[in-house]
Amino acid sequence: MFLLGLWGSAQPTLAQHLVPHSVQLDPTKLERQGLNLAQEAAQLAQFQQYELALPRARLATQLAPKSPEVWSLLGGLYLQTNELDNGITALKTAQTLDAKSSAVLFALGSAYFQKSSYATAIDYLKAGLKLKPNVPGALFDLGNAYLMLNQTPDAIAQYEKAIAQDKTFWPAINNIGLLKYESGDVDEAIRRWRAAVAIDAKAAEPQLAMAVALYAKGDREQGLKLGETAIQTDSRYSDLKFLKENLWGNRLLADTKKFLETPRIKATIAQAQEKGPSQPQSMPQ
């Protein structure tokens with residue numbers, strides 16, 4: 001009671017001075033600042049400056065907490081930096097604010113795919129496609145999820161749908177080749193990879209896959225030439241781990257391992273490593 005007594009004897013004017021002044025904040029102005037920060041973050045993300053973009057996006061969600069676009073942006077940035085759980089949390093907040101956003105559902109599908117939760121990824125991707133059908137990238141992602149569950153017919157069906165929407169979408173053509181090779185239909189796999197390269201002559205993945213297939217069939221000179229070109233274009237494709245991450249199957253990986261151990265390809269890999277990392281090829285959106 002001693003302290004209470006001392007406080008009670010204080011002058012009223014002193015007590016008034018101790019009460020902090022309450023600053024009146026303008027919610028509209030705060031939201032506008034949040035949206036401006038989100039725009040800055042989006043611009044930084046375009047240049048892959050994710051570490052600079054993330055704190056801006058996080059602050060933007062505090063200033064504009066009811067904007068699904070801001071939460072979606074934050075979720076996407078978390079996915080880019082491999083913070084999958086944080087990304088899913090932000091994306092689910094965006095989904096709560098806008099349940100009809102196909103983009104958020106597609107992003108959640110991608111997040112769960114990266115977490116190897118393929119069935120959940122399929123659910124979100126299919127839900128997004130119900131809202132916005134015929135999106136090539138989403139159809140491609142759905143095909144990849146089916147591929148990981150060894151549901152080959154379903155995977156090929158989704159890839160074919162993606163190609164029907166965009167004839168130049170070579171990653172879907174490439175992945176059909178991957179599945180055809182694993183099933184033993186080597187000629188059809190080569191045909192698919194040749195079609196992918198015809199669309200994009202700098203696409204290293206179908207070039208290398210076709211090179212391996214031709215070499216394994218006995219057309220060694222053409223296979224080696226194509227393999228050299230592919231590795232010179234993008235040396236990442238000389239890494240078996242990278243190829244597995246890109247959904248190459250066991251049969252193709254086994255044949256690729258033999259191919260990469262040939263003297264000419266080993267020399268090409270060494271030269272590529274001396275030059276430094278290749279510039280990653282762009283993929284259609």
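Position 1 is the first residue of the sequence, and the numbers go up from there.
In this structure, Q151 has no side-chain hydrogen bond (donor to acceptor under 3.5 Å, both in side chains) partners at least two apart in sequence or on a different chain. Every residue meeting the side-chain hydrogen bond (donor to acceptor under 3.5 Å, both in side chains) condition with S67, not counting sequence neighbours, appears here in chain and number order: E69. Applying the side-chain hydrogen bond (donor to acceptor under 3.5 Å, both in side chains) test to K225 and every residue at least two apart in sequence or in another chain returns nothing. By the side-chain hydrogen bond (donor to acceptor under 3.5 Å, both in side chains) test, S72 pairs with no residue at all, sequence neighbours left out.
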Criterion side-chain contact (heavy atoms from CB on, under 4.5 Å) on L74 and L54, from CA distance to verdict: CA-CA 7 Å; L74 178 61; L54 262 172; 3.8 Å; yes
Can L147 and T152 be said to form a side-chain contact (heavy atoms from CB on, under 4.5 Å), step by step? CA-CA 6 Å; L147 182 154; T152 299; over 6 Å; no
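Screening residues 96-119 for ring pair (Phe, Tyr, Trp, His ring centres under 6.0 Å) gives Y112-Y124, F113-Y118 as the qualifying pairs, with residues at least two apart or on separate chains. The ring pair (Phe, Tyr, Trp, His ring centres under 6.0 Å) analysis of residues 45-101, with sequence neighbours excluded, yields no pairs. For residues 239-249, there are no salt bridge (Lys or Arg N to Asp or Glu O under 4.0 Å) pairs, not counting sequence neighbours. The ring pair (Phe, Tyr, Trp, His ring centres under 6.0 Å) contacts involving residues 241-269 comprise Y215-F259, Y237-F242, where partners must be two or more places apart or lie in separate chains. Note on residues 46-61: pairs passing salt bridge (Lys or Arg N to Asp or Glu O under 4.0 Å), not counting sequence neighbours, are E40-R56. Annotation: salt bridge (Lys or Arg N to Asp or Glu O under 4.0 Å) contacts involving residues 73-87, sequence neighbours excluded, comprise D85-K115.
Between D234 and K202, no side-chain nitrogen of the basic residue sits less than 4.0 Å from a carboxylate oxygen of the acidic one, so the salt-bridge criterion is not met. The pair E261-K266 does not count as a salt bridge, with every side-chain nitrogen at least 4.0 angstrom from each carboxylate oxygen.
Side-chain contact, D185 with S183: no donor N or O sits under 3.5 Å from an acceptor N or O.
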Kindly list each side-chain donor-acceptor pair under 3.5 angstrom involving residues 155-165, sequence neighbours excluded, with atom names and distances?
unit_1, atom_1, unit_2, atom_2, d
Y159, OH, N144, N, 3.4
Y159, OH, N144, OD1, 2.5
Y159, OH, N175, ND2, 3.3
E160, OE2, R192, NH2, 3.0

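Taking every heavy atom of both residues into account, L178 and N246 meet most closely at CD1-O, 3.9 Å.
Side-chain contact between L226 and L208 is absent, with no heavy atoms from C-beta onward closer than 4.5 Å.
Clustering of Ile, Leu, Val, Met, Phe, Trp and Tyr by side-chain heavy atoms under 4.5 Å joins L52 with L44.
Under a hydrophobic-cluster definition in which Ile, Leu, Val, Met, Phe, Trp and Tyr are linked whenever side-chain heavy atoms come within less than 4.5 Å, directly or via other members, F140 and L79 are assigned to different clusters.
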